[in-house]
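Indexing begins at 1, ligand by ligand and atom by atom, following the structure's order. Everything numeric here is computed off the predicted structure, so don't read it as measured data.
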Amino acid sequence: MATELANNIRQVADMLKEAERVCCMTGAGVSAESGVATFRGHGGLWEGRRPEEVASPEAFHADPEDVWRFYFWRRKKLAECKPNPGHYALARLEGMIPSFTLVTQNVDDLHRVAGSERIIELHGNVWINRCTGGHPSDEPPCPDTRVTPDDVLDEIPHCPKCGAMMRPGVVWFGEMLPSDEFAAAVTAARDCQVMLVAGTSAVVHPAASIATWAADTGAAIVEINPEAPPLSSAADYCLTGPSGEILPAIVEAMSAASA
Ligand code: OAD
């Protein structure tokens, strides 16, 4: 590892050891080393197609079977993926810092599988089915259903409570982020002393603004990305490299310093 990168990792580790409140925002890049396709760029999920064709309420309304086919395919692909050392390092960080909040744009569930517990999922979770049936405003909506790779993954699911067709529990283009999750993410970002931003192109708002809000309230921004980091002008540290290597190196440096 280059000396400058190693020095920066040590400085970030020292800063994290002192910090009481840390927030980490992750994107698809954190799961790249698990074999999960990112969204943009070569080989990305959106390459060669408009996301709205398979990830929008309009597409679902027009052709639910086509949209479900895309999500059945994604579930089957994800079922073969396991967390990588970056996911495990973040799960360890949660246990090393008094208040650690993980905010993810990922829907793949790999943070939870790796052992992270305090996770804010801004874009939902691909393993959730959500009822699309209308319900009177004085009644609570039908509960979500969680499926696993062992469940049938190629039949359109129907709500066990009301029988209506279900949809994947993810946020689509043109939809609002879940309000409770978004509010919790904003609070964590505004309140943190260090903000880690790992594996995101930081182009989708409002999720992408979260790091900027942390910077506005004085948090140190640390970017982890093998490409020219998207927020580099706002970042105090740019750790250039794959998160599956950089995040474990940070945790190791923190552990070494306390030994
Ligand atoms: P993107 O595909 O836009 O960006 C992935 C980022 O990860 C890029 O900056 C890559 O350089 C970086 N990257 C690639 N390999 C990496 C590695 N091994 N370690 C660390 N970083 C790596 O994915 P997101 O930023 O997550 O939204 O995209 C945000 C949102 O756009 C997604 O949640 C999705 C998408 O449209 C919805 O579906 C609503």
Side-chain angles (χ1 to χ4, degrees), residues 1 5 9 24-60 67 70-71 73-75 78 81-90 102-111 114 119-128 130 167-178 181-182 185 196-212 221-235 237-250:
M1 189 177 284
L5 178 59
I9 287 175
C24 177
M25 157 75 84
T26 64
V30 163
S31 295
E33 288 152 271
S34 294
V36 180
T38 57
F39 290 92
R40 298 175 180 79
H42 182 63
L45 214 46
W46 299 152
E47 191 184 39
R49 66 178 133 194
R50 292 189 318 124
E52 297 82 357
E53 284 169 22
V54 280
S56 71
E58 292 76 18
F60 188 73
V67 171
F70 173 69
Y71 282 92
W73 171 80
R74 276 189 81 185
R75 283 179 176 176
L78 288 174
C81 298
K82 301 210 168 5
N84 67 58
H87 294 107
Y88 289 113
L90 288 172
L102 181 57
V103 181
T104 188
Q105 299 168 84
N106 297 346
V107 296
D108 57 29
D109 212 29
L110 292 179
H111 285 304
I119 313 170
I120 298 174
E121 292 179 321
L122 281 183
H123 290 167
N125 187 305
V126 85
W127 297 105
I128 285 175
R130 181 157 301 147
R167 57 165 278 179
V170 296
V171 174
W172 282 330
F173 284 86
E175 292 186 317
M176 304 286 283
L177 297 190
E181 280 78 358
F182 184 60
L196 306 173
V197 182
T200 175
S201 59
V203 292
V204 174
H205 291 269
S209 316
I210 284 176
T212 325
I221 309 292
V222 179
E223 263 208 316
I224 298 152
N225 198 309
E227 303 290 327
L231 295 168
S232 45
S233 58
Y237 291 92
C238 297
L239 305 180
T240 307
S243 48
E245 291 173 22
I246 303 278
L247 288 167
I250 293 174

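Per-residue contacts place Gly27 under 4.0 angstrom from the following atoms of ligand 1 (heavy atoms of the residue considered): 26 (O). Within the listing of ligand 1, atoms 23 (O), 24 (P), 26 (O) sit less than 4.0 angstrom from a heavy atom of Ala28. Of all atoms in ligand 1, listed by their number and element, those nearer than 4.0 Å to a heavy atom of Val171 are 39 (C). With ligand atoms numbered from 1 in the order given, ligand 1 contributes 36 (O) to contacts under 4.0 Å with heavy atoms of Phe173. For ligand 1 and Gly199, the ligand atoms under 4.0 Å from any heavy atom of the residue are 5 (C), 6 (C), 7 (O), 20 (C), 21 (N). Below 4.0 Å from some heavy atom of Ala32 lie the following atoms of ligand 1, by number and element: 15 (N).
Under 4.0 angstrom from ligand 1, there are no non-hydrogen atoms of Trp172. With a 4.0 Å heavy-atom cut-off, ligand 1 is reached by the side chain of Glu33 but not by its N, CA, C or O.
What you find for Ala185 and Leu122 is that their closest heavy atoms are CB-CD2, 4.1 Å. Closest of all the heavy-atom pairs between Ile221 and Ala211 is CD1-O, 3.5 Å. Nearest approach of Trp172 to Ala55, heavy atoms of both residues: CB-O, 3.2 Å. Tyr71 and Val54 make their closest contact through CE1-O, 3.6 Å (heavy atoms, listed as atom of the first residue, atom of the second, distance).
Taking 4.0 Å as the cut-off, Pro226 counts as a neighbour of ligand 1 on heavy-atom distance.
Aromatic ring pairs are classed by plane angle as parallel below 30°, tilted from 30° to 60° and perpendicular above 60°; the pair His87 and His111 is perpendicular.
Between Thr200 and ligand 1, at least one pair of N/O atoms sits closer than 3.5 Å. Residue Glu227 places no N or O, backbone or side chain, under 3.5 Å from any N or O of ligand 1.
Nearest residue to atom 14 (C) of ligand 1 from Gly86, Gly29, Pro242 is Gly29 (criterion: closest heavy atom).
Atoms CG and SG, on Leu110 and Cys81 in that order, are 6.5 Å from each other to the nearest 0.5 Å.
The pair Arg130-Glu175 does not meet the salt-bridge criterion, since no charged nitrogen lies less than 4.0 angstrom from a carboxylate oxygen.
Just one residue in the list Ile250, Thr200, Val30 forms a side-chain contact (heavy atoms from CB on, under 4.5 Å) with Ile224, and that residue is Ile250.
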